[in-house]
Amino acid sequence: MPAIDFDVTAYEAQPVRSGWDPLPPGDYTACVTSTEVKPTKAGNGEYIELTIEIMDGDFSGRKIWERLNINNPSEQTVQIARSQLNQLATALGQVPLKDTDQLLEIPFTLTLDIDRKDTTRNRVMGYSSASSAALARKAPLNVATPGYPGAGGGSGGTANTTATKKPWEK
């Protein structure tokens, strides 16, 4: 039997996380890697199954599966699914959408939350254009804006890069 030569109580116990734990709520850069039309379990409709892969950050490579019930006895279910498909196609710049292959391998921003009914799963909350989110993330921290502290100007050379309050900070 192997001997332990250290005091295990000197280390903080960390919860074990599997690769299947839901992602934290938030926005992720992602792309659709595959689509497939499948029959519903009841056999009275069909859905598009989207495989969505996270493209960057700590969760790069993780996958999310989304099902959009495009044919279903419930008209409300169909309306919701088709609306979500429209939102995704619009975020990808693929309107009009004629084929699900148009959705593949185009980066977009995926908004996730934790499913209220099953907290072990994520829930897709929305899709938006990756370009607008990327521009917001890549905006310079010290923008030369007249009338705000740290706006630079006046002395030539470089802008003031010291820590100053942002316009929205009081």
Side-chain angles (χ1 to χ4, degrees), residues 6 8 10-41 46-70 72 77-78 80-145 150 158-159 161-169:
F6 59 90
V8 296
Y11 300 88
E12 183 179 343
Q14 299 290 326
V16 177
R17 294 186 60 89
S18 74
W20 299 105
D21 289 336
L23 299 178
D27 291 339
Y28 297 88
T29 301
C31 70
V32 176
T33 57
S34 70
T35 63
E36 187 175 351
V37 176
K38 295 182 175 183
T40 59
K41 190 184 293 187
E46 56 188 5
Y47 61 90
I48 299 172
E49 183 175 74
L50 304 171
T51 302
I52 302 170
E53 186 170 327
I54 305 301
M55 297 176 61
D56 61 6
D58 293 341
F59 300 100
S60 181
R62 287 282 303 270
K63 294 185 180 185
I64 301 291
W65 288 270
E66 178 70 337
R67 293 179 174 179
L68 303 175
N69 287 280
I70 55 170
N72 191 286
T77 298
V78 171
I80 291 169
R82 291 182 180 185
S83 174
Q84 291 170 333
L85 188 57
N86 179 37
Q87 184 184 33
L88 177 59
T90 300
L92 298 176
Q94 297 298 311
V95 176
L97 184 67
K98 299 291 184 192
D99 189 297
T100 60
D101 284 349
Q102 291 175 248
L103 305 173
L104 299 176
E105 305 301 332
I106 302 172
F108 64 95
T109 299
L110 174 68
T111 302
L112 294 177
D113 202 352
I114 302 297
D115 191 307
R116 289 178 290 177
K117 294 179 184 174
D118 182 355
T119 59
T120 67
R121 300 173 55 100
N122 283 111
R123 179 173 180 202
V124 173
M125 301 303 291
Y127 312 97
S128 57
S129 169
S131 59
S132 60
L135 289 174
R137 281 197 302 269
K138 292 180 181 177
L141 295 177
N142 191 1
V143 178
T145 307
T158 60
T161 57
T162 60
T164 59
K165 287 188 176 183
K166 308 294 185 279
W168 57 87
E169 295 176 333

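The basis for the numbers below is simple: all heavy atoms, side chains too, and nothing from hydrogens, waters or symmetry mates. One is the number of the first residue; the rest follow in order along the sequence. Please read all numbers here as calculations on a predicted model, not as lab measurements.
Looking only at distances, no side-chain donor or acceptor of Thr51 sits under 3.5 Å from a matching main-chain atom of Thr33. Formation of a donor-acceptor pair under 3.5 Å by the Arg82 side chain with backbone atoms of Ile70 is found in this model. At least one donor-acceptor pair under 3.5 Å links the side chain of Gln102 to the backbone N or O of Pro96.
The distance from the CD atom of Gln94 to the OG1 atom of Thr100 is 11.5 Å, given to the nearest 0.5 Å. For the atom pair Ile80 CD1 and Leu85 CG, the distance stands at 13.5 Å (nearest 0.5 Å). Atom-to-atom distance recorded for Arg116:CZ and Arg121:CZ is 14.5 Å, nearest 0.5 angstrom. The OH atom of Tyr28 sits 8.0 Å away from the CD1 atom of Ile64 when rounded to the nearest 0.5 Å. Distance check, rounded to the nearest 0.5 Å: OG1 of Thr40 to CD of Glu46 gives 8.5 Å. Atoms SG and CG, on Cys31 and Leu103 in that order, are 11.0 Å from each other to the nearest 0.5 Å.
Within the 4.5 Å cutoff, the side chain of Leu68 has no heavy atoms near those of the Tyr47 side chain. Contact annotation: the side chain of Val32 never approaches that of Glu105 to less than 4.5 Å [non-hydrogen atoms, C-beta and beyond]. Taking 4.5 Å as the limit, every side-chain heavy atom of Leu88 sits out of range of all side-chain heavy atoms of Leu97. Taking 4.5 Å as the limit, every side-chain heavy atom of Val124 sits out of range of all side-chain heavy atoms of Leu50. Residues Asn122 and Ile114 meet the side-chain proximity criterion, which asks for heavy atoms closer than 4.5 Å. Residues Leu92 and Tyr127 are not in side-chain contact: their nearest non-hydrogen atoms beyond the backbone lie 4.5 Å or more apart.
Here the closest heavy-atom approach between residue Gly126 and residue Gln87 is recorded as CA-OE1, 3.7 Å. Residues Ala91 and Ser128 come closest through the heavy atom pair CB-C, 3.4 Å. Leu110 and Ala30 make their closest contact through CB-CB, 4.1 Å (heavy atoms, listed as atom of the first residue, atom of the second, distance). Among all heavy-atom pairs drawn from Phe59 and Pro24, the shortest one is CZ-CD, 3.5 Å.
Within 6.0 Å of the CG atom in Asp99, the count of heavy atoms belonging to other residues, nucleotides or ligands exceeds 12.
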